[in-house]
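In the text below, chain A, chain B and the rest are named by the order of the sequence lines, each starting its count at 1.
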Amino acid sequence: MRDDLMQGILEYLLTIPEGKVVTYKQVAEYLGNPGYARIVGNLLHVNPDPERYPCFQVVNHKGRLAPNFGFGGAEAQKIRLERDGIRVSEDYYVDLEEYQWKEG
DNA sequence: AAGTTGACGACGA
DNA sequence: CTCGTCGCCAACT
């Protein structure tokens, strides 16, 4: 189960355009389980691959970065996002209206 | 096995 | 926006 979800998550991450972000819920819906929002975060936490997958492009529904992001905390995530052209506030918030990836 | 935790979301105040 | 509460489900203890 965990492996299937993980594969779906990583696959979805790869579909996110650079300079855009998605919410955990969007990933959950992609997996076919809207209630998996926290599962997505949990799985990415136990199985992080920031060197391979843009997990830093995933934010919560408030557009905020993960406060306990591994590999340097939100600070590292903020840098990665700005590196992709995404402006992040000093409070680690992104403008969802501007950067949230809308599939349609 | 049973209880707690958590990179979350939605609703109410 | 913040704060508290409930629901959700895999991972951890």
*Atom-to-atom span, CG of A/Leu31 to C1' of B/dC8 - whole angstrom*: 13 Å
*A/Asn68 CG - B/dG6 P separation (whole Å)*: 9 Å
_Does atom CD (A/Glu82) have a neighbourhood of more than 12 heavy atoms from anything else shown, all under 6.0 Å?_
yes
*With heavy atoms under 4.0 Å as the rule, sort A/Tyr92 into base, sugar-phosphate or nothing.*
nothing
*Under a 3.5 Å limit for both distances, which nucleotide forms a Watson-Crick or G-U wobble pair with B/dA7, could you say?*
none
_Distance in angstrom units between A/Gln26 CD and B/dA10 P, rounded_ = 11 Å
*Tell me what A/Ala37 touches on the nucleic acid: a base, only sugar-phosphate, or nothing, going by heavy atoms under 4.0 Å.*
sugar-phosphate
*Kindly point out which of C/dC1, B/dC8, B/dA7 is positioned nearest to the side chain of A/Lys62?*
C/dC1
*How close do A/Asn47 and A/Met6 get, heavy atom to heavy atom, and via which atoms?*
O-CE, 3.1 Å
_Tell me the interatomic distance from A/Tyr24, atom OH, to B/dG9, atom C1', rounded to whole angstroms._
13 Å
*Taking side chain as C-beta onward, heavy atoms only, is A/Tyr12 less than 4.5 Å from A/Gln26?*
yes
*Test A/Tyr92 against A/Gln77 for side-chain hydrogen bond (donor to acceptor under 3.5 Å, both in side chains), laying out the working first.*
CA-CA 9 Å; A/Tyr92 303 110; A/Gln77 188 174 4; over 6 Å; no
*asked:* Each nucleotide in nucleotides 7-13 of chain C should get exactly one letter: B, S or -. Can you fill that in based on protein heavy atoms under 4.0 Å?
replied: BBBBS--
*Let me know the distance between CD1 of A/Ile9 and C1' of B/dA7, rounded to the nearest Å.*
11 Å
*State whether A/Asn60 places a side-chain N or O below 4.0 Å from either non-bridging phosphate oxygen (OP1 or OP2) of B/dA7.*
no
_Counting only side-chain nitrogens and oxygens, does A/Lys25 get under 4.0 Å of the OP1 or OP2 atom of B/dA10?_
yes
_Beyond-backbone contact of A/Gln100 with A/Thr23, side-chain heavy atoms, under 4.5 angstrom_ = yes
_Consider side chain to side chain contact (heavy atoms under 4.5 Å, CB included). Of A/Asp4, A/Val58, A/Leu14, A/Val27, which one does A/Ile9 pass it with?_
A/Val27
*Evaluate the criterion side chain to side chain contact (heavy atoms under 4.5 Å, CB included) for residue pair A/Leu96 and A/Val59; output intermediate values, then yes/no.*
CA-CA 9 Å; A/Leu96 288 179; A/Val59 299; 4.1 Å; yes
